[in-house]
Amino acid sequence: MNDNQTSPIKVTVTGAAGNIAYSLLWRIGSGEVFGRDQRVDLTLSDIPSSMSVVEGVAMELNDSALHCVASVNLSDDPKTSFDGVQAAFLVGAKPRGKGESRADMLAANGKIFIDQGRAINEHAADDLRVVVVGNPANTNAYILNKAAPDVSSESITALMRLDHNRTLSMLANKFRTDGGDFGDVHSEEFQHVAVWGNHGDTQFPDLSYASARGTKLSEVLDQDWYVNDMIPRVAHRGAEIIEVRGKSSAASAASAAVDHMRDWYAGSNGKWVTAAVVSKGEYGVDPGLVFGMPVVGENGCLSVVEDLEISDFQRPRIDANIEALRAEAQLADELF
């Protein structure tokens with residue numbers, strides 16, 4: 001890093017006392033997101049009752065003397081947390097409690113993301129990039145977008161890279177154990193994979209366009225395994241991890257958030273990745289819904305892959321996600 005470096009990027013991570021943030025912050029500070037030549041001003045944000053834990057996290061960050069960290073700041077006030085923010089990882093959200101309905105969960109998260117959206121609307125930088133990690137991520141991002149009318153909808157996204165990464169990993173494991181003549185394939189070799197829709201049970205990991213080593217996966221992959229095993233397992237992987245580990249996904253969610261923001265900021269080198277973006281009506285999705293789609297990171301933007309032919313196999317699976325997110329959006333609209 002030289003004396004002519006650019007000014008630090010202002011980065012805010014909410015839910016800073018939690019396990020996802022604990023994995024995420026060190027990776028941001030070591031340069032995995034914005035590059036080893038770019039320093040960051042980190043703001044660790046959480047609710048007042050969690051700030052003593054956040055103070056401990058900040059102490060550890062400072063003690064790590066991370067290469068890319070210019071400063072570490074703490075805040076329990078959205079106005080301060082998002083003052084001049086250029087990149088925000090919105091990790092903090094209220095999970096669904098025992099006996100709560102989905103409407104109850106959305107109402108609780110509505111207050112969080114309405115307040116954050118209004119603060120972002122008033123105080124964020126013009127070159128803002130937001131990824132909502134806290135679940136229900138798609139609808140939390142929908143609420144945030146609605147609460148920040150002066151912020152470009154292209155600045156607001158939700159995390160579905162975890163679903164994308166899970167799809168790649170399951171494919172690699174399948175070929176490793178049952179590749180036949182095609183052989184072992186690493187997860188990085190798969191191209192044109194997408195996950196449509198919602199980070200929830202209806203999500204659709206789509207291999208319709210996917211290939212590896214120049215061969216369409218449809219020519220070498222067991223279709224019955226794909227439809228009846230892989231698709232539902234990707235959708236329920238989070239529950240599977242909770243059952244085995246006793247806790248929800250943390251390090252893998254943080255890793256996916258790193259991938260998401262890095263490819264948005266620096267580009268994906270032409271490779272398709274998955275992000276939930278604010279729909280402009282692509283592929284029959286209601287404008288305004290935050291919907292997982294295949295995107296390419298280029299020129300500092302996430303651009304939806306356009307003009308894909310949608311088959312009779314894909315259409316009802318995409319439509320199921322439209323219906324699910326439409327229903328959540330209707331509940332969210334009642335909060336305003």
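For the numbers below, each heavy atom of this structure counts, side chains included, while hydrogens, waters and symmetry mates do not.
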Colleague: Decide whether Val11 and Ile20 are clustered together by the hydrophobic rule: side chain heavy atoms of Ile, Leu, Val, Met, Phe, Trp, Tyr closer than 4.5 Å, transitively.
Modeller: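 In one cluster with Val11: Ile20, yes.
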
Colleague: Quick one, Leu207 and Met230 - any side-chain contact, counting heavy atoms below 4.5 Å?
Modeller: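 Counting from C-beta outward, Leu207 and Met230 do come under 4.5 Å.
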
Colleague: Please find out if less than 6.0 Å separates the ring center of Tyr142 from that of Phe291.
Modeller: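 Tyr142 vs Phe291: aromatic centres not under 6.0 Å.
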
Colleague: Identify the heavy atoms of Gln86 and Ala125 that sit nearest to each other, and give their distance.
Modeller: CG-CB, 3.8 Å

Colleague: Looking only at heavy atoms, which two atoms of Ser252 and Ser249 are closest? And how far apart?
Modeller: OG-CB, 3.5 Å

Colleague: Taking 4.0 angstrom as the limit, do Glu189 and Arg213 come out as a salt bridge?
Modeller: yes

Colleague: Could you state the interatomic distance from CH2 (Trp196) to CG (Asp319), rounded to the nearest 0.5 Å?
Modeller: 11.0 Å

Colleague: For the residue pair Phe89 and Phe34, does the interplanar ring angle fall in the parallel (under 30°), tilted (30 to 60°) or perpendicular (over 60°) class?
Modeller: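 It falls in the perpendicular class, over 60°.
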
Colleague: What closest approach, in Å, do Ala124 and Val85 show between heavy atoms, and which atom pair accounts for it?
Modeller: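 Result for this residue pair: CB-CG1, 3.7 Å.
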
Colleague: Does this structure show an ion pair linking Asp83 with Lys79, if we count only N-O contacts that are shorter than 4.0 Å?
Modeller: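 The answer is no: the pair does not qualify as a salt bridge.
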
Colleague: Apply the test side-chain hydrogen bond (donor to acceptor under 3.5 Å, both in side chains) to residues Asn173 and Arg176: give CA-CA distance (whole Å), side-chain angles for both, the deciding distance (0.1 Å), then the verdict.
Modeller: CA-CA 5 Å; Asn173 286 334; Arg176 187 175 301 116; 2.4 Å; yes

Colleague: Is Arg262 salt-bridged to Asp259, going by a charged N under 4.0 Å from an acidic O?
Modeller: yes

Colleague: Counting N and O atoms only, with roles assigned by atom type, does the side chain of Ser155 sit under 3.5 Å from a partner on the main chain of Val151, one being a donor and the other an acceptor?
Modeller: no

Colleague: Taking Asn73 for the side chain and Leu42 for the main chain, is one N or O donor matched with an acceptor at less than 3.5 Å?
Modeller: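 Between the backbone of Leu42 and the side chain of Asn73 there is a qualifying donor-acceptor contact (under 3.5 Å).
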
Colleague: Kindly determine whether Asp41 and Lys10 satisfy salt bridge (Lys or Arg N to Asp or Glu O under 4.0 Å), including the steps that lead there.
Modeller: CA-CA 5 Å; Asp41 286 323; Lys10 292 188 175 183; 5.9 Å; no

Colleague: Output yes when Arg237 and Glu240 qualify as a salt bridge under the 4.0 Å nitrogen-oxygen rule, no when they do not.
Modeller: yes

Colleague: To the closest 0.5 Å, what do you measure between CG (Asp150) and CD1 (Ile120)?
Modeller: 12.5 Å

Colleague: Any side-chain heavy atom of Glu60 within less than 4.5 Å of one from Trp26?
Modeller: yes

Colleague: Shared ILVMFWY cluster between Leu162 and Val13, side chains joined below 4.5 angstrom?
Modeller: no

Colleague: Looking at Tyr226, I want to see if its OH is surrounded by more than 12 non-hydrogen atoms of other residues, nucleotides or ligands under 6.0 Å.
Modeller: yes

Colleague: Without swapping roles, check the side chain of Ser211 against the backbone of Gly214 for a donor-acceptor pair under 3.5 Å.
Modeller: no

Colleague: For a quick test of reading the model, state the closest non-hydrogen atom pair linking Ala21 to Gly15 and the distance between them.
Modeller: CB-O, 3.4 Å

Colleague: Could you report the tightest heavy-atom contact between Ala172 and Phe190, atom names first, then the distance?
Modeller: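 That would be N-CE1, 3.7 Å.
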
Colleague: Working to the nearest 0.5 Å, report the span between CG of Asp76 and OG1 of Thr14.
Modeller: 13.0 Å

Colleague: If we only count heavy atoms from C-beta on, is the Trp264 to Val273 side-chain gap below 4.5 Å?
Modeller: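 Trp264 vs Val273: side chains apart.
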
Colleague: Do Ile242 and Val91 share a hydrophobic cluster, counting only Ile, Leu, Val, Met, Phe, Trp and Tyr and linking them when any side-chain heavy atoms are less than 4.5 Å apart?
Modeller: no

Colleague: Side chains of Ser75 and Met51: closer than 4.5 Å at any heavy-atom pair?
Modeller: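 No; the side chains remain at least 4.5 Å from each other.
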
Colleague: Got a donor-acceptor contact below 3.5 angstrom from the Asn109 side chain to the Asn140 backbone?
Modeller: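 Side chain of Asn109 to backbone of Asn140: no pair is present.
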
Colleague: Show your reasoning for whether salt bridge (Lys or Arg N to Asp or Glu O under 4.0 Å) applies to Glu154 and Lys280.
Modeller: CA-CA 10 Å; Glu154 295 180 356; Lys280 297 178 180 177; 2.5 Å; yes

Colleague: Out of the candidates Leu159, Asn321, Asn135, only one should pair with His199 under the side-chain contact (heavy atoms from CB on, under 4.5 Å) rule; please name it.
Modeller: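 Checked Leu159, Asn321, Asn135 against His199; only one passes side-chain contact (heavy atoms from CB on, under 4.5 Å): Asn135.
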
Colleague: Tell me which one of Asp163, Asn138, Asn198 satisfies side-chain hydrogen bond (donor to acceptor under 3.5 Å, both in side chains) with Gln203.
Modeller: Asp163

Colleague: Hey, is the main chain of Arg36 close enough, under 3.5 Å, to the side chain of His67 for a donor-acceptor pair?
Modeller: yes

Colleague: Stepwise, does the side-chain hydrogen bond (donor to acceptor under 3.5 Å, both in side chains) test hold for Tyr283 with Gln314?
Modeller: CA-CA 11 Å; Tyr283 300 107; Gln314 296 165 288; over 6 Å; no

Colleague: Mind checking the OG1-NZ spacing from Thr139 to Lys146? Nearest 0.5 Å is all I need.
Modeller: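 If we round to the nearest 0.5 Å, Thr139:OG1 and Lys146:NZ are 12.0 Å apart.
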
Colleague: Could you tell me if the side chain of Thr167 sits less than 4.5 Å from the side chain of Val195, heavy atoms only?
Modeller: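 Side-chain contact under 4.5 Å: yes.
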
Colleague: Between Asn299 (side chain only) and Cys301 (backbone N and O only), is there a donor and an acceptor less than 3.5 Å apart?
Modeller: no

Colleague: Side chain to side chain contact (heavy atoms under 4.5 Å, CB included), that's the test. Do Gln116 and Ser45 meet it? Break it down for me.
Modeller: CA-CA 11 Å; Gln116 290 182 352; Ser45 177; 5.7 Å; no

Colleague: So, the side chain of Tyr265 versus the backbone of Ala87: is there a donor-acceptor pair under 3.5 Å, distance only?
Modeller: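 Absent.
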
Colleague: Is the count of non-hydrogen atoms from other residues, nucleotides or ligands lying under 6.0 Å from Asn269 atom CG greater than 12?
Modeller: no

Colleague: Mind listing the closest non-hydrogen atom pair of Gly29 and Leu66 along with its distance?
Modeller: O-CB, 3.5 Å

Colleague: Could you label the plane-to-plane angle of the Phe204 and Phe313 rings as parallel, tilted or perpendicular, counting under 30° as parallel and over 60° as perpendicular?
Modeller: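 Perpendicular, since the angle between the ring planes exceeds 60°.
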
Colleague: Under 4.0 Å between a Lys/Arg side-chain N and an Asp/Glu carboxylate O for Arg317 and Asp206?
Modeller: no

Colleague: Side-chain contact test, heavy atoms from C-beta onward, threshold under 4.5 Å: evaluate it for Leu335 versus Ile114 and give yes or no.
Modeller: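 With C-beta onward as the side chain, the pair touches.
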
Colleague: Side-chain heavy atoms nearer than 4.5 Å, only ILVMFWY residues, links allowed to pass through others: does that put Leu106 and Ile322 together?
Modeller: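 Not linked; separate clusters.
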
Colleague: Would you call Lys174 and Asp178 a salt bridge, using N to O less than 4.0 angstrom?
Modeller: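 A salt bridge is present here (some side-chain N lies under 4.0 Å from a carboxylate O).
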
Colleague: Please test Leu44 against Leu25 for side chain to side chain contact (heavy atoms under 4.5 Å, CB included), starting from the C-alpha separation and ending with a verdict.
Modeller: CA-CA 9 Å; Leu44 281 55; Leu25 287 162; 4.1 Å; yes

Colleague: For side chain to side chain contact (heavy atoms under 4.5 Å, CB included), just list the numbers for Ile143 and Asn145, CA-CA rounded to whole Å, side-chain angles, deciding distance to a tenth of an Å, and then say yes or no.
Modeller: CA-CA 5 Å; Ile143 293 169; Asn145 182 53; over 6 Å; no

Colleague: Is a side-chain N or O of Thr274 found less than 3.5 angstrom from the main chain of Ala194, in a donor-acceptor match?
Modeller: no

Colleague: Look at the side chain of Gln38 and the backbone N and O of Gly35, then say whether any donor-acceptor pair between them is shorter than 3.5 Å.
Modeller: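 No, because the side chain of Gln38 does not come within donor-acceptor range (under 3.5 Å) of the backbone of Gly35.
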
Colleague: Under the 3.5 angstrom rule, does the side chain of Arg245 hit a backbone N or O of Ser248 as a donor-acceptor pair?
Modeller: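 The answer is yes, because a donor-acceptor pair under 3.5 Å joins these two groups.
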
Colleague: Kindly indicate whether the side chain of Thr157, heavy atoms from C-beta on, has any atom under 4.5 Å from the side chain of His260.
Modeller: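 Thr157 vs His260: side chains touch.
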
Colleague: Same cluster or not: Ile47 versus Leu90, using hydrophobic residues (I, L, V, M, F, W, Y) connected whenever any side-chain heavy atoms lie under 4.5 Å apart?
Modeller: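 No, it is not one cluster - the side chains of Ile47 and Leu90 are not joined through contacts under 4.5 Å.
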
Colleague: Roughly how far, to the nearest 0.5 Å, is the NE2 atom of His192 from the NZ atom of Lys216?
Modeller: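 Reported to 0.5 Å precision, the distance equals 9.5 Å.
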
Colleague: Mind checking whether Val290 and Val277 have side chains closer than 4.5 Å, heavy atoms only?
Modeller: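 They are not in side-chain contact.
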
Colleague: If you measure from CE on Met261 to CG on Leu24, what distance do you get to the nearest 0.5 Å?
Modeller: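 Going from the CE atom of Met261 to the CG atom of Leu24 covers 9.0 Å.
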
